[in-house]
Number of protein chains: 2
Amino acid sequence: MESCCSMKGFLTFIVLRLISKKNMSGEEVREEIRKRKGTRPSPGTVYPVLKYLNKSGFIEEIKHKGKIKKYKITKKGKKELNEATQKFCMLFYDMKDDLSRRCY
Amino acid sequence: MESCCSMKGFLTFIVLRLISKKNMSGEEVREEIRKRKGTRPSPGTVYPVLKYLNKSGFIEEIKHKGKIKKYKITKKGKKELNEATQKFCMLFYDMKDDLSRRCY
DNA sequence: TATTTTATATCGGATATGCGATATTGGAAA
DNA sequence: TTTCCAATATCGCATATCCGATATAAAATA
């Protein structure tokens, strides 16, 4: 165990959540996570997650110029995210105060 | 992958957080997590986490009647938790609204 | 056109994570 | 005391998670 509370896991949740807020490419996802965590996840981390979400029908490619692929969340993805968010809230409901106090 | 957003990980964080709020035994930790997640983590899940937290100096045993061991967070544990909470907030700062809206 | 850069894709592997099964141990109850 | 139960402890394992390395391919630039 690298350190206590290593904050591993939840990546799929985070990515789906990011895309639900704004259509994004893989690189944009990487950059947004870097902003939040300080470290940029490697391509080998992000692209398999996108592939999985796409294959599962939770996100879909949208037309975009160039080779950049942008994704948007699907109806099925919204349902999935909604359920996952509910679980998240059950688990962390008392983080409310911390989040309000510490975050801009 | 069992399903999207499987909510794995973060268990160590959750356990340390629970103990920081109230001195707890292993069984109490299991029960509190059951309340939140719906499923009770197995002994093989919880006790190794307690052992790790104890060995790391983040929690310590307190006297208690019977064979039940209760733990309390240490000063070092508070520091650790504080840092972990900060990371958590950076990562999930925009869950604030969901938490407020969905949770009692 | 040739070269470089950038975005995406994939694969193997190291490590973390949590579980099931089982053992142990102290107290309660018979 | 003997039996039973509940809390703790440990071990091996299946799986998830993420990364580094590498490949591919398209666009930008020289």
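Chain A is the first sequence line, chain B the second, and so forth, proteins listed ahead of strands; every chain is numbered from 1. We use all heavy atoms of the structure for the numbers below, so side chains are in, but hydrogens, waters and symmetry mates are not.
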Quiz prompt | nucleotides 23-30 of chain C: protein proximity per nucleotide (B base, S sugar-phosphate only, - neither; heavy atom, under 4.0 Å) | solution = --BBS---
Sugar-phosphate only, base, or nothing, as touched by [X] at under 4.0 Å among non-hydrogen atoms:
{"X": "B:L50", "value": "nothing"}
{"X": "B:G44", "value": "base"}
{"X": "B:P41", "value": "sugar-phosphate"}

Among [options], find the nucleotide with the atom closest to the side chain of [X].
{"X": "A:S42", "options": "C:dC19, D:dC19, C:dA9", "value": "D:dC19"}
{"X": "B:P48", "options": "D:dC18, D:dT10, C:dA7", "value": "D:dT10"}
{"X": "A:T45", "options": "C:dT8, D:dT8, D:dC18", "value": "D:dC18"}

Quiz item: Is the phosphate of D:dT10, meaning OP1 or OP2, less than 4.0 Å from a side-chain N or O of B:K51?
Solution: yes
[atom1] of [X] versus [atom2] of [N]: gap in Å, rounded?
{"X": "A:Y52", "N": "C:dA9", "atom1": "OH", "atom2": "C1'", "value": "19 Å"}
{"X": "B:R30", "N": "C:dG20", "atom1": "CZ", "atom2": "P", "value": "10 Å"}
{"X": "A:Y47", "N": "C:dT8", "atom1": "OH", "atom2": "P", "value": "3 Å"}
{"X": "A:N54", "N": "C:dA7", "atom1": "CG", "atom2": "C1'", "value": "16 Å"}
{"X": "B:K70", "N": "D:dA7", "atom1": "NZ", "atom2": "C1'", "value": "13 Å"}
{"X": "A:E27", "N": "D:dA26", "atom1": "CD", "atom2": "P", "value": "17 Å"}
{"X": "B:F10", "N": "D:dA16", "atom1": "CZ", "atom2": "C1'", "value": "14 Å"}
{"X": "B:F13", "N": "C:dA16", "atom1": "CZ", "atom2": "P", "value": "19 Å"}

Self-check item: Stepwise side chain to side chain contact (heavy atoms under 4.5 Å, CB included) check, B:T12 with B:L16
Solution: CA-CA 6 Å; B:T12 306; B:L16 183 56; 5.6 Å; no
Quiz prompt | A:F92 ring center within less than 6.0 Å of B:F92 ring center | solution = no
Quiz item: Among A:L50, A:L53, A:N23, which residue meets the side chain to side chain contact (heavy atoms under 4.5 Å, CB included) test with A:Y71?
Solution: A:L50
Exercise. Could you tell me whether B:K79 and B:E83 make a salt bridge, using a distance below 4.0 angstrom between a side-chain N and a carboxylate O?
Key: yes
Self-check item: Non-hydrogen atoms of A:C89 and B:R102 that approach each other most closely
Solution: SG-CD, 3.8 Å
Quiz prompt | N/O donor-acceptor pair under 3.5 Å between A:R36 side chain and B:M90 backbone | solution = no
Self-check item: Spacing of A:F13 atom CZ and B:M95 atom CE [to the nearest 0.5 Å]
Solution: 4.0 Å
